[in-house]
There are 2 protein chains.
Amino acid sequence: MSASLHAIFKRIRAEGYKLTRPRRVVIEVLAGGETHMGASEIVAAVRQKAPDVGRASVYRALELLTRLGVVQVSAMGRATTVYMLTPACCHHHLVCVECRRTVELNECALRDLEKSLASRFGFQVQGHLVEIYGRCEACQDNPGSAPL
Amino acid sequence: MSASLHAIFKRIRAEGYKLTRPRRVVIEVLAGGETHMGASEIVAAVRQKAPDVGRASVYRALELLTRLGVVQVSAMGRATTVYMLTPACCHHHLVCVECRRTVELNECALRDLEKSLASRFGFQVQGHLVEIYGRCEACQDNPGSAPL
DNA sequence: TACGAAGTGAGATGTTGTCTCAATTATACG
DNA sequence: CGTATAATTGAGACAACATCTCACTTCGTA
Ligand SMILES: [Zn+2]
Ligand SMILES: [Zn+2]
Ligand SMILES: [Zn+2]
Ligand SMILES: [Zn+2]
């Protein structure tokens with residue numbers, strides 16, 4: 001799925017940042033968990049593996065990793081955000097706005113677009129996020145019955 | 001840009017919800033403001049137009065409007081979310097992970113994909129969100145200098 | 001008019017995110 | 001391998017954000 005952990009670690013050092021324990025554990029947790037996790041879930045999982053890691057450091061790590069393009073933040077149609085490792089082999093999300101269930105898509109419609117952006121805007125593309133919203137089959141008849 | 005306010009109001013009633021003052025004002029604020037606004041900005045703007053509207057109702061309206069596909073929530077690479085009216089004529093975001101500046105794109109690479117999803121997954125597509133992350137020209141040389 | 005369902009405002013409460021600062025540690029260099 | 005040093009950390013205070021409860025209002029319908 002995502003780039004190997006080793007490659008990510010190397011990347012952090014290459015950018016001039018230290019590869020510290022909090023950063024390493026956050027990455028491992030994201031790699032081992034669900035496709036996307038809330039910040040509090042990440043904090044809990046990190047402290048299970050490394051009880052001495054502070055909450056602030058988890059947030060700081062997530063912020064850095066987002067800047068590096070290693071991690072992506074998404075709202076998934078909600079008020080609070082979730083984090084995920086940026087998938088190397090592109091997967092987009094189909095999100096049901098009623099029940100919040102998601103389906104992962106393995107096709108990508110943006111590769112060509114990305115290339116053209118680099119030249120048109122001088123933009124150094126790190127990755128992209130695509131979320132398609134709607135109602136899943138089950139929720140089309142009984143709207144407003146979101147279980148989550 | 002987005003569907004006309006009148007069309008949105010009609011839509012709310014058509015779905016069986018009441019068109020109340022909080023809901024109307026939230027929509028007006030989103031239509032009149034920046035392309036995307038944080039929840040607290042929305043609350044402030046709403047209370048300027050209608051001081052008697054409670055914060056909870058603003059959140060409730062945003063939640064409903066998101067379920068209806070009228071509003072989209074996005075993280076824009078940050079820990080806190082922003083809201084925007086779902087653009088009728090598709091615009092995608094190019095987001096700089098360093099300085100948070102964004103560029104709006106007016107092309108859409110997903111229309112065909114959307115159609116095929118409907119048949120393959122029985123999914124009733126309401127809209128989609130595309131964010132492309134990277135570093136803008138100015139931030140490629142001096143990373144970590146985010147002003148915002 | 002009486003009813004019930006849907007919606008609301010206020011504020012308590014809970015959750016999430018940020019900040020400060022002394023103490024610690026990863027890395028480069030000798 | 002120490003040592004120097006700047007980056008990074010943990011703790012907990014703090015601030016912002018989001019949700020929940022509940023009595024009250026609104027509105028369509030009988
Ligand atoms: Zn659903
Ligand atoms: Zn893609
Ligand atoms: Zn930038
Ligand atoms: Zn599009």
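Chain identifiers are assigned alphabetically (A, B, ...) following the order of the sequence lines, protein sequences preceding nucleic acid strands; residue numbering begins at 1 within each chain.
In this structure, the OH atom of Y17(A) is 12 Å from the C1' atom of dT8(D), given to the nearest Å. At whole-Å resolution of the value, CG in L64(B) and C1' in dT19(D) are 16 Å apart. Remark: C1' of dA6(C) and CZ of R21(B) are 18 Å apart, rounded to the nearest angstrom. Distance CD (E63(A)) to P (dT16(C)): 19 Å, rounded to an integer number of Å. If you measure from atom CZ of R24(A) to atom C1' of dT8(D), you get 13 Å, rounded to the nearest angstrom. Here the P atom of nucleotide dT8(D) and the CG atom of D52(A) are 18 Å apart, to the nearest Å.
Within the structure, salt bridge (charged side-chain N to carboxylate O under 4.0 Å, His left out) pairs that include any residue of residues 22-42 of chain A comprise E28(A)-K49(A) (at least two apart or interchain). Screening residues 23-42 of chain A for ring pair (Phe, Tyr, Trp, His ring centres under 6.0 Å) gives H36(A)-H93(A) as the qualifying pairs, with residues at least two apart or on separate chains. Residue pairs meeting the ring pair (Phe, Tyr, Trp, His ring centres under 6.0 Å) criterion with at least one partner in residues 61-86 of chain B, sequence neighbours excluded, do not occur; the list is empty.
In terms of heavy-atom proximity, A31(B) sits nearest to L5(B) at CB-CD2, 3.7 Å.
For dG9(C), the OP1/OP2 oxygens have a side-chain nitrogen or oxygen of S57(B) closer than 4.0 Å. Between T20(A) and the phosphate of dT9(D), there is a side-chain N or O to OP1/OP2 separation shorter than 4.0 Å.
Residues L30(A) and M84(A) form no side-chain contact, since every pair of their non-hydrogen atoms from C-beta on lies 4.5 Å or further apart. Counting heavy atoms from C-beta outward, Y17(B) and L68(B) have side chains that approach closer than 4.5 Å. Looking at heavy atoms from C-beta onward, E98(A) lies out of side-chain contact with Q140(A) at the 4.5 angstrom threshold.
Note on the helix from dT1(C)-dA30(D) to dG30(C)-dC1(D): angle between the axes of the first and last five pairs equals 40°, rounded to 10 degrees.
Interatomic distance, F123(B) CZ to S116(B) OG, rounded to the nearest 0.5 Å: 12.5 Å. Note that CG of L105(A) is 5.5 Å distant from CZ of F121(B), once rounded to the nearest 0.5 Å.
As judged by a 4.0 angstrom heavy-atom cut-off over every strand, R47(A) is placed among residues touching the sugar-phosphate backbone only.
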query: Under the side chain to side chain contact (heavy atoms under 4.5 Å, CB included) criterion, do M37(B) and V29(B) qualify, and how do the steps go?
result: CA-CA 9 Å; M37(B) 305 173 74; V29(B) 160; 3.9 Å; yes

message: For a quick check, with a 4.0 angstrom heavy-atom cut-off, what is the B/S/- contact string for nucleotides 17-22 of chain C, read 5' to 3'?
response: BBBB--

query: Along nucleotides 24-30 of chain D, 5' to 3', which nucleotides get a B, which get an S, and which get a -, given that the test is a protein heavy-atom distance under 4.0 Å?
result: --BS---

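Side-chain contact of S74(A) with E131(A): a donor-acceptor pair under 3.5 Å is present, judged by distance alone.
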